[in-house]
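Reading through the structure tokens given below for one structure.
Each chain gets a letter, A, B and so on, in the order the sequences are listed, and its residues count up from 1.
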There are 2 protein chains.
Amino acid sequence: MKREIEILDNFIRERGLRHTPQREVILRVFLSIEKHLSVDELYTIVKRRNPKIGYVTVYRTMKMLEDAGLCNEIDFGDGVSRFEHQYGHGHHDHLVCLKCGSYIEVINPEIEKLQDELARRNRFVPLKHKLQIFGTCNKCLG
Amino acid sequence: MKREIEILDNFIRERGLRHTPQREVILRVFLSIEKHLSVDELYTIVKRRNPKIGYVTVYRTMKMLEDAGLCNEIDFGDGVSRFEHQYGHGHHDHLVCLKCGSYIEVINPEIEKLQDELARRNRFVPLKHKLQIFGTCNKCLG
DNA sequence: AGTTTATTGAAATTATATTTCAATAATACA
DNA sequence: TGTATTATTGAAATATAATTTCAATAAACT
Ligand SMILES: [Zn+2]
Ligand SMILES: [Zn+2]
Ligand SMILES: [Zn+2]
Ligand SMILES: [Zn+2]
């Protein structure tokens, strides 16, 4: 947590932006929850801590945290963007349960390597990728 | 084309739905273009053939064609759904160029196999998946 | 303390997806 | 062929999430 607050402060200082209590609260709440959160979900939780903070500030702060490398926007294709922790979390892919909405984070170096090869064979320079496997999780199989 | 029209007609008959000129025109236009098309793009083209056809009819017809197995909705995460041909086109993944918006369709059986293994190891039953690699295509590297 | 200007937050706007509903037209049947 | 039934159409309305606008506020600097 401390390190992430530092990163935010550096990001703010380097760009001549301003440290505000809103930004710090939003970052703290975001970091305290090890989940993928939509702006709306985060806003609801942040409001409990400080009812004065508005939705748009949460929205803008998350965009800023993304620029600062502290969070990552993900899209499961259901029309809602979600954010996940980025600092200290390596790249991973997702198994998304269509019944309960839960997800498992996975990483497979072999798949990653094959993807790079696939891109190279098509003379394509890969920047990032999205791999999501949709199905039914163990709990929902019951 | 003939075979796809047949599939649509069977789908319509089996369910007690009705064959309409709109549905046939939309399917014919869709099949005639080997591209990923949004409802809006398709609507613009369809209107040239028959200006009476409305956006919503194109929208609903595409949903129906998807049910009939004739098209597949894809989402590159830019807020617009696009449709691609499904009949006679096997599963594939996409390399999407962030500069020009073009895409390359690719398939790598090894990646597909590793994905299934990855799911199984997590006691997850995969139904479908989405693999998109974003970057720069050969033409845009110039 | 005063000045500058980034930030905030409510409201407005944008953009796409989806629903509603009265009019229309495809199908079944007398 | 005409009539009844009901699926379909298309314009308009609505839903939903993302994004922009702008006047008021408050950090940061002198
Ligand atoms: Zn990956
Ligand atoms: Zn994740
Ligand atoms: Zn695949
Ligand atoms: Zn494709």
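- Within residues 72-86 of chain B, no residue is approached by DNA chain D to less than 4.0 Å at the level of any non-hydrogen atom.
- A:Arg13 has its CZ atom 17 Å from the P atom of C:dA6, to the nearest Å.
- Here the side chain of B:Leu17 is nearest to one of C:dT7, D:dG10, D:dA7, namely D:dA7.
- Between A:Lys63 and D:dT19, a side-chain N or O to OP1/OP2 separation shorter than 4.0 Å is present.
- Heavy-atom distances to DNA chain C give each of A:Gly16 and A:Thr57 a nearest nucleotide, and the one nearer the 5′ end belongs to A:Gly16.
- Centroid-to-centroid, the aromatic rings of A:Phe134 and B:His129 stay 6.0 Å apart or farther.
- Under 4.0 angstrom from either OP1 or OP2 of D:dA26 there lies no side-chain N or O belonging to A:Gln22.
- One can place CD of B:Glu24 at 13 Å from P of D:dT9, the figure rounded to the nearest angstrom.
- In this structure, A:His85 and A:His89 have perpendicular ring planes: the angle between them is above 60°, well past the 30° mark.
- Residue B:Arg60 is in base contact, counting any heavy-atom pair closer than 4.0 Å across all strands shown.
- On a pure distance criterion of 3.5 Å, a polar donor-acceptor pair joins the side chain of A:Arg18 and the base of C:dT5.
- Look at A:Arg23 and you won't find any side-chain N or O under 4.0 angstrom from OP1 or OP2 of C:dA6.
- Remark: side-chain polar atoms of A:Arg60 are not paired, donor with acceptor, to backbone N or O of A:Tyr55 under 3.5 angstrom.
- Between the CD1 atom of A:Ile26 and the P atom of C:dT7 there is a distance of 13 Å, rounded to whole Å.
- Separating the NZ atom of B:Lys47 from the C1' atom of D:dG10 is a distance of 12 Å, rounded to the nearest angstrom.
- Rounded to whole Å, the distance from OH on B:Tyr55 to P on C:dA15 is 13 Å.
- For the pair A:Met64 CE and C:dT7 P, the computed distance is 7 Å after rounding to whole Å.
- Considering only side-chain atoms of B:Val56, the nucleotide from C:dA11, C:dT8, D:dA11 that sits closest is D:dA11.
- Taking atom CG of A:Leu8 as the reference point, atom P of C:dT7 lies 11 Å away to the nearest angstrom.
- Regarding contacts with the backbone of D:dA26, every side-chain N or O of A:Thr20 stays at 4.0 angstrom or more from both OP1 and OP2.
- Distance A:Asn50 CG to C:dT7 P: 18 Å, rounded to the nearest Å.
- The side chain of B:Arg15 places no N or O atom within less than 4.0 Å of a non-bridging phosphate oxygen (OP1 or OP2) of D:dA7.
- When all heavy atoms are compared, the tightest approach of A:Phe76 to A:Arg82 is CD1-NH1, 4.2 Å.
- Using modelled atom types, one side-chain atom of A:Glu4 and one backbone atom of A:Met1 make a donor-acceptor pair closer than 3.5 Å.
- Side-chain atoms of B:Asp75 come within 3.5 Å of backbone atoms of B:Gly77 as a donor-acceptor pair (strictly under, hydrogens ignored).
- Comparing C:dT18, C:dT8, D:dA18 against the side chain of B:Tyr59 picks out C:dT18 as the nearest.
- Here B:Lys63 pairs with B:Glu73 in a salt bridge; the nearest charged N to carboxylate O distance falls below 4.0 Å.
- For A:Pro21, the side-chain atoms get nearest to D:dA27 when compared with the rest of D:dT20, C:dA6, D:dA27.
- Summary of the strand contacts: B:His19 and B:Tyr43 both lie near DNA chain D, and taking for each the nucleotide with the nearest heavy atom, the more 5' one is attributed to B:His19.
- Between A:His36 and A:His92, the ring planes lie parallel to each other; the angle is under 30°, not in the 30° to 60° tilted range.
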